[in-house]
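Below is one structure, written out as structure tokens; comments come after it.
In this text, all values refer to a predicted model and were calculated from it rather than measured experimentally. Naming: A, B, ... by sequence-line order, numbering from 1 per chain. Atoms considered below: every heavy atom in the structure, side chains included; atoms not considered: hydrogens, waters and symmetry mates.
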Amino acid sequence: QKEVEQNSGPLSVPEGAIASLNCTYSDRGSQSFFWYRQYSGKSPELIMFIYSNGDKEDGRFTAQLNKASQYVSLLIRDSQPSDSATYLCAVMADNNDMRFGAGTRLTVKP
Amino acid sequence: ETGVTQSPTHLIKTRGQQVTLRCSSQSGHNTVSWYQQALGQGPQFIFQYYREEENGRGNFPPRFSGLQFPNYSSELNVNALELDDSALYLCASSYDRDSGEQYFGPGTRLTVT
């Protein structure tokens with residue numbers, strides 16, 4: 001059983017739309033949640049982190065966490081072609097073991 | 001740029017050989033984690049080093065070993081290379097072992113033939 005699950009996509013949205021990326025995790029003891037962006041051929045880049053239930057906003061990005069449902073999401077408002085990348089959800093357990101999902105590939109069409 | 005560097009960029013080895021990959025963490029970051037990323041997959045946690053000691057390990061065999069040095073550099077050593085070890089190897093540094101806010105280096109692409 002995969003521990004961090006994401007839709008592999010590809011997810012395609014038009015420029016200016018809202019992109020919604022979802023992630024579920026199996027370890028109820030997980031405490032910290034992260035979203036990384038990975039452009040093709042590059043390494044992951046941290047874009048958001050969230051530790052408490054609810055929403056956290058940073059510019060065009062909003063992370064949402066629901067620990068009861070074991071669900072974390074990332075919303076990207078006013079999507080731009082430069083947002084086209086693979087988005088990795090990562091979950092850290094108590095033992096500092098960071099588990100990544102396989103990623104969702106997002107394409108923003110001009 | 002994250003300030004994390006890795007060398008070499010690419011490497012080709014033969015099955016059964018040994019390899020050492022290097023990472024230089026961001027200044028002030030006392031924790032480094034190593035990951036293996038196969039094509040089309042997310043990074044898989046190999047191990048973490050905090051102040052020169054192993055601080056956690058993923059589901060990788062003992063032939064994957066590491067070292068961390070006082071000057072913020074670290075190494076990943078892999079013995080008895082197998083074809084399945086072909087992957088992108090990433091190191092990520094963080095300011096503390098409890099911080100999941102990690103900053104990745106550009107990676108080393110290892111090909112085992």
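Residues that satisfy the side-chain hydrogen bond (donor to acceptor under 3.5 Å, both in side chains) test with A/Asp78, not counting sequence neighbours, are A/Gln80. The side-chain hydrogen bond (donor to acceptor under 3.5 Å, both in side chains) search around B/Tyr49 returns none, not counting sequence neighbours.
Taking hydrophobic clusters as Ile, Leu, Val, Met, Phe, Trp and Tyr residues chained together by side-chain heavy-atom distances below 4.5 Å, B/Tyr103 shares a cluster with A/Leu88. The hydrophobic cluster containing B/Tyr89 also contains B/Val32, counting ILVMFWY residues as joined when their side-chain heavy atoms lie under 4.5 angstrom apart, directly or transitively. Hydrophobic clustering (ILVMFWY, side-chain heavy atoms < 4.5 Å, transitive): B/Leu88 and B/Trp34 are in distinct clusters. Side-chain heavy atoms closer than 4.5 Å link hydrophobic residues (I, L, V, M, F, W, Y) into clusters, and following such links, even through other members, never connects B/Phe104 to B/Tyr72.
Sorted by first and then second residue, the side-chain hydrogen bond (donor to acceptor under 3.5 Å, both in side chains) pairs involving residues 5-21 of chain B (not counting sequence neighbours) are B/Gln18-B/Thr20, B/Thr20-B/Asn77.
Between chain A and the options B/Gly40, B/Pro106, B/Pro43, heavy-atom pairs under 4.5 Å are most frequent for B/Pro43. The most heavy-atom pairs under 4.5 Å with chain A, out of B/Gln44, B/Gln37, B/Glu101, come from B/Glu101.
Around the CG atom of B/Leu83, the shell of radius 6.0 Å holds more than 12 heavy atoms that belong to other residues, nucleotides or ligands. Around CG of B/Leu67, the count of heavy atoms belonging to other residues, nucleotides or ligands within 6.0 Å exceeds 12.
For A/Phe100 and B/Tyr35, the ring centers are positioned less than 6.0 Å apart.
Looking at heavy atoms from C-beta onward, B/Gln102 lies out of side-chain contact with A/Leu46 at the 4.5 angstrom threshold.
Atom CE of A/Met98 sits about 8.0 Å away from atom OG of B/Ser94, to the nearest 0.5 Å. The distance from atom CG of B/Asn59 to atom CG of A/Asp97, rounded to the nearest 0.5 Å, is 9.5 Å.
There is no contact between B/Phe47 and chain A, counting heavy-atom distances below 4.5 Å.
Proximity to chain B at a heavy-atom threshold of 4.5 Å picks out A/Phe34, A/Tyr36, A/Gln38, A/Ser43, A/Pro44 from residues 31-45 of chain A, in numerical order.
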